[in-house]
2 protein chains.
Amino acid sequence: MEDINKDLNLSVIKAFKLLDVYLNNKQEWGVRELAKKTGYNKTTTYRLLSTLESLDVVQKNDNDKYILGLKLFELGNLVSIHKSLRNYSRIPLENIAKEIKETVHLGVLRNDQVLYLNKAESPLGLKVSTQIGSYQEAYCTALGKVLLAFSSANQISNYLKNVKLKALTSNTITNSEDLLIELEQVKKKEYALDMEELELGLICIAIPVFNKNKEVIASISVSGPSSRFKSENIASYLSIIKKGAFEIEGHLSDYN
Amino acid sequence: MEDINKDLNLSVIKAFKLLDVYLNNKQEWGVRELAKKTGYNKTTTYRLLSTLESLDVVQKNDNDKYILGLKLFELGNLVSIHKSLRNYSRIPLENIAKEIKETVHLGVLRNDQVLYLNKAESPLGLKVSTQIGSYQEAYCTALGKVLLAFSSANQISNYLKNVKLKALTSNTITNSEDLLIELEQVKKKEYALDMEELELGLICIAIPVFNKNKEVIASISVSGPSSRFKSENIASYLSIIKKGAFEIEGHLSDYN
DNA sequence: AAACAGCGTTTCGAATAATGAAACGTTTTT
DNA sequence: AAAAACGTTTCATTATTCGAAACGCTGTTT
């Protein structure tokens, strides 16, 4: 299709393209439906699904639709990259969430986007809720701005070259120069704010998590409704998050 | 190879058999190493790995060995079966762990084994630690005995027919009749004990989690070293675990 | 009641993609 | 300096994937 150099296993690629469809927030699919979505032949789709079903990668639900299966859950839990980061962050994130009463996230940069590795949700009814393993644009999130700010100058300029700074709200930074200045500020102050740049009414604060070599390996954020975020709280929020980050950093240096 | 009736995508099957190798607690593999382990040709293995790498399903680490990739993490987090069970159990499990100071697990029965869906670890240094998404034999664990006990008579007799009751310690139940009697006891008392039947020095207590139709959909256990488990604590442990189970049951009935 | 439209599934010859022995270029071990 | 082990590439042979058409079923429309 689009691969030029190597000869890869086309069926395997097709199988995973099928699974990729599930990333777009629909949980159950019929054969013909998936065939139409992927452009594959109905028979091919059926055979791929049957194969995946025999492997427990997908399974049929009560409506005879195909849903993702437990094999993926099993394998997903084995993914070792960032596994320690996820493990060691759980308790600190929850302590932060409990203290601040807002949703807390831990994320890393991946493919120029923020990948959410872990979270602890606010105990309150009105709260931010995200899907672990999902992605978000970096330029309009506090997490993303921290992770970008501490990237190499090369990576940053590449990012700025490739990214489309779409305005998601009236506050979104849509200008490369402005974003670069913002990133320099973030790096100097060691924290980032997202003042309703991703979504109206949504405010975030994020700080970096360092490894023992003083490289930024992740970022922690606190997100909540603008109605609850007062500017006089920011300093105390920051010190609480930093305490959590410090705990995580301690655990990580034990190992690596 | 071993499939008779349907014609499935052999390459896809091979790809996942490769990934299955990672379930046996080794995180990084070379091409020839994986080829030997699976019995596939070196070239085939290489091409499958290249394909999977192009899809982010595996990736090379610093030693040029192949490790599981973030695509699996991403897809694994989308698996919807038991997703709500995992979400709603997190806080209750942690409350139990905090109160009892022992590791708490939530598991379901799958392929005649216990699948660990979630956990909250003991705050103490000496503690039980398990891999989420991994499996354990049912007949010698408290979780497993609860889940078996509340299965249908048919399922139980099938289980007893197929399982090999290997003695893992001197306390392991290795006799089908004994196990059946034990399961009846468990069902009557609505809790199960594992008195060092899986591992010497390891004791567990487990209770069922019911859905609104009074079917058992999961089980919660508390596990710790025998040195800390006194018989006079069991009653209080049970009431604490039951409180947690009740919370989970409440959340589940909100949805279903 | 009969015809229709939708679904997942099966069939089978034609077309294609996966296969593996051998060779290659590096790196590591002897 | 030689040998062994690694990942990788090549290419003719072979096995497998492919898809149009047909099937059986269910639910809806005429």
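Throughout, protein chains are lettered first and strands after them, A, B, ... in sequence-line order, and every chain is numbered starting at 1. As a basis for the values below, the full set of heavy atoms in this structure was taken, side chains included, without hydrogen atoms, waters or symmetry mates.
- When side chains are defined from C-beta on, L143(A) counts as touching Y116(A), because their heavy atoms get closer than 4.5 Å.
- In this entry the distance linking OH of Y40(B) with P of dG7(D) reads 18 Å, nearest Å.
- At a cut-off of 3.5 Å, with distance as the only test, a side-chain donor of S152(A) or Q155(A) sits close to an acceptor on the other residue.
- Between atom CD of residue E28(B) and atom NZ of residue K60(B) there is a gap of 13.5 Å, rounded to the nearest 0.5 Å.
- Rounding to the nearest 0.5 Å gives a distance of 9.0 Å between OG of S221(A) and CG of L93(A).
- For the contact set between residues 29-38 of chain B and DNA chain D, defined by any heavy atom under 4.0 Å, the members are G30(B), V31(B), R32(B).
- Remark: P of dC7(C) and CG of D64(A) are 13 Å apart, rounded to the nearest angstrom.
- A close approach under 4.0 Å does occur between a side-chain nitrogen or oxygen of K60(B) and OP1 or OP2 of dT8(D).
- Screening residues 129-156 of chain A for ring pair (Phe, Tyr, Trp, His ring centres under 6.0 Å), with sequence neighbours left out, gives F150(A)-F210(A).
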N/O-N/O pairs, protein side and nucleotides 15-17 of chain D side, under 3.5 Å:
| unit_1 | atom_1 | unit_2 | atom_2 | d |
| --- | --- | --- | --- | --- |
| dT17(D) | OP1 | L10(B) | N | 2.7 |
| dT17(D) | OP1 | S11(B) | N | 3.3 |
| dT17(D) | OP2 | L8(B) | O | 3.1 |
| dT17(D) | O5' | N9(B) | OD1 | 3.1 |

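- In this entry the distance linking OH of Y66(A) with C1' of dC7(C) reads 12 Å, nearest Å.
- With rounding to whole Å, N41(B) atom CG is found 7 Å from dT19(C) atom C1'.
- Listed nucleotides: dA23(C), dG19(D), dA22(D). Nearest to the side chain of K42(A): dA22(D).
- Heavy atoms only, all atoms of each residue included: R110(A) and L70(B) are closest at CD-CD1, 2.8 Å.
- Here CG of N9(A) is found 10.0 Å from CG of L55(B). Values are rounded to the nearest 0.5 Å.
- Computed from coordinates, the K65(B) NZ to dA5(D) P distance equals 13 Å when rounded to whole Å.
- In this structure, Y46(A) has its ring center at least 6.0 angstrom away from the ring center of Y66(A).
- For L48(B) and dG7(D), the CG to P distance is 15 Å, given to the nearest whole Å.
- Between the CG atom of L18(B) and the P atom of dT19(C) there is a distance of 11 Å, rounded to whole Å.
- Regarding N61(B), its CG atom lies at a distance of 16 Å from the P atom of dC6(D), rounded to whole Å.
- When I217(B), L85(B), V216(B) are each tested for a side-chain contact (heavy atoms from CB on, under 4.5 Å) with V108(B), only one passes: L85(B).
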